[in-house]
Amino acid sequence: MTRVQPSWRSLLFVPVLSERFLSKAHTRGADAIILDLEDSILPVNKVAARAALPAAVPRAAQGGADVVVRINRPLDLAVADITASVMPGVAALMLPKVMGPEHVRLLAELVTDREAALGMPIGHTRFLALIESPAALPHLYAIAAEPRLAGMSVGGEDMATELGAIPSADSMYVFAMQGLAACRTAGILPMGSMGQLANINDLDSYRAGLKRGKALGFTTASCIHPAHVPIINEEYGASAAELDRARRLLAAFDAAAADGAGAVAFEGSMIDLPVVIRAQRLLERAESWKR
């Protein structure tokens, strides 16, 4: 099974039954659209939401974004969601309230059976894991290492509720960083930011949380408001100036290496292999953002 990872910066939630949001989803500039079957869909509408997926997936993808489907946690709902969601146009499933690697493996079995039934390549459908309970924290590294995982997020409203905390950068910091380390170890996307997100209209605060998240190592964030998409893309992406500097840095290092040097002065700083690796990764990710 391939471990090639997506390079998503922004993932925009869209309730699959909301024509108002779905009709414009492909114009928002998100790297991926998350068609939601979970929190935004009332229990009485779950069947209708699943039935809407075959038409919604190509509409969400028409601007070039990948499509993700967030399924429900209860197993009876998850089984039906997987049957409806696994299709060639869906790149990944978002799994809420993941408890451990056995939970992921159970869902992976169901997805494998569905892929086989549809004649799809086994492993096509990746997973994004949401860790929303303290009970799952001891299993972060094992969850992140599961073969279908493409990304993982730790924290949020549910985690804070179980901890008896107010969701904030402070209350989630330790757990978010544990998740980030697990993601980096497994080579998957570390998802999240480090801001106070209760007021979705406070764009300055939202940007500040993303800036802090990027500095800590996060690369990817999901959002519920279209106004957040360009901010995520800017903060978790790279400006033309940053990309130009990365190219010049690599050229300077290559020239030094050709002369037998392992480090070189570059624009007032010493650069060595770790700095070079970060520049290479930035340029590689940037290539995938071109549509």
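Note that the structure is predicted; figures quoted are calculated from it, not measured. In this chain, residues are counted from 1 in sequence order.
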[X] with [Y], same ILVMFWY side-chain cluster at under 4.5 Å:
{"X": "I41", "Y": "V47", "answer": "no"}
{"X": "L118", "Y": "V67", "answer": "yes"}
{"X": "F253", "Y": "V275", "answer": "yes"}
{"X": "L189", "Y": "L283", "answer": "no"}
{"X": "W8", "Y": "L243", "answer": "no"}

Tell me, do [X] and [Y] make a side-chain contact under 4.5 Å, heavy atoms counted?
{"X": "R245", "Y": "F266", "value": "yes"}
{"X": "V154", "Y": "M177", "value": "no"}
{"X": "V68", "Y": "V90", "value": "no"}
{"X": "M172", "Y": "L163", "value": "yes"}
{"X": "T125", "Y": "M120", "value": "yes"}
{"X": "P230", "Y": "I232", "value": "no"}
{"X": "T220", "Y": "R9", "value": "no"}
{"X": "T219", "Y": "R285", "value": "yes"}

Indicate the atoms forming the closest heavy-atom contact of [X] with [Y], along with that distance.
{"X": "G217", "Y": "P190", "value": "O-CG, 3.6 Å"}
{"X": "G123", "Y": "E115", "value": "N-OE1, 2.9 Å"}
{"X": "A135", "Y": "M99", "value": "CB-CE, 3.7 Å"}
{"X": "H228", "Y": "C223", "value": "CB-CB, 3.7 Å"}
{"X": "L149", "Y": "A144", "value": "CB-O, 3.8 Å"}
{"X": "I122", "Y": "A116", "value": "CD1-N, 3.8 Å"}

Looking at P134, P167, S133, which one forms a side-chain contact (heavy atoms from CB on, under 4.5 Å) with M159?
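The residue from P134, P167, S133 that satisfies side-chain contact (heavy atoms from CB on, under 4.5 Å) with M159 turns out to be P134.
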Of L107, L93, T112, V104, which is the lone residue that meets side-chain contact (heavy atoms from CB on, under 4.5 Å) with R148?
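Testing R148 for a side-chain contact (heavy atoms from CB on, under 4.5 Å) against L107, L93, T112, V104 leaves exactly one candidate, T112.
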How many angstroms lie between [atom1] in [X] and [atom2] in [Y], if you round to the nearest 0.5 Å?
{"X": "K24", "Y": "R59", "atom1": "NZ", "atom2": "CZ", "value": "12.5 Å"}
{"X": "I33", "Y": "F13", "atom1": "CD1", "atom2": "CZ", "value": "11.0 Å"}
{"X": "L17", "Y": "K46", "atom1": "CG", "atom2": "NZ", "value": "9.5 Å"}
{"X": "S153", "Y": "L180", "atom1": "OG", "atom2": "CG", "value": "10.5 Å"}
{"X": "R70", "Y": "L95", "atom1": "CZ", "atom2": "CG", "value": "11.0 Å"}
{"X": "L75", "Y": "L106", "atom1": "CG", "atom2": "CG", "value": "5.5 Å"}

Would you find more than 12 non-hydrogen atoms of other residues, nucleotides or ligands less than 6.0 Å from R281 atom CZ?
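At most 12 heavy atoms, drawn from other residues, nucleotides or ligands, come within 6.0 Å of this atom.
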Y141 vs Q178, test: side chain to side chain contact (heavy atoms under 4.5 Å, CB included). Steps then yes/no.
CA-CA 9 Å; Y141 286 85; Q178 290 173 343; over 6 Å; no
Just grab all the salt bridge (charged side-chain N to carboxylate O under 4.0 Å, His left out) pairs involving residues 74-98, residues at least two apart or on different chains.
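Sorted result for residues 74-98: E38-K97, R50-D81, K97-D158.
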Given R126 and E146, is the salt bridge (charged side-chain N to carboxylate O under 4.0 Å, His left out) satisfied, shown in steps?
CA-CA 10 Å; R126 308 303 300 276; E146 284 296 311; over 6 Å; no
Those residues that, when tested against R207, pass salt bridge (charged side-chain N to carboxylate O under 4.0 Å, His left out) (two or more places apart):
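Checked R207 against salt bridge (charged side-chain N to carboxylate O under 4.0 Å, His left out); matches are E234, E235.
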Holding to salt bridge (charged side-chain N to carboxylate O under 4.0 Å, His left out), I want the full list of residues that pass it with R248, two or more places apart in sequence or in another chain.
D244, E267
Could you go through the side chain to side chain contact (heavy atoms under 4.5 Å, CB included) check for I34 and S222 one step at a time?
CA-CA 9 Å; I34 305 170; S222 60; 4.2 Å; yes
N/O donor-acceptor pair under 3.5 Å between [X] side chain and [Y] backbone:
{"X": "S269", "Y": "A265", "value": "no"}
{"X": "S23", "Y": "R20", "value": "yes"}
{"X": "S193", "Y": "G209", "value": "no"}
{"X": "N72", "Y": "L37", "value": "yes"}
{"X": "N45", "Y": "A48", "value": "no"}
{"X": "H26", "Y": "A65", "value": "no"}

When you compare the side chains of R114 and S85, does any donor N or O come within less than 3.5 Å of an acceptor on the partner?
no
With side chain to side chain contact (heavy atoms under 4.5 Å, CB included) as the test, would you mind laying out the steps for L128 and M152 before giving the verdict?
CA-CA 5 Å; L128 299 176; M152 185 170 71; over 6 Å; no
Any chance you could lay out the side chain to side chain contact (heavy atoms under 4.5 Å, CB included) test for L210 and F218, step after step, and finish with the verdict?
CA-CA 8 Å; L210 291 167; F218 292 96; over 6 Å; no
Below 4.0 angstrom, N of the basic side chain to O of the carboxylate: do R278 and E242 qualify?
no
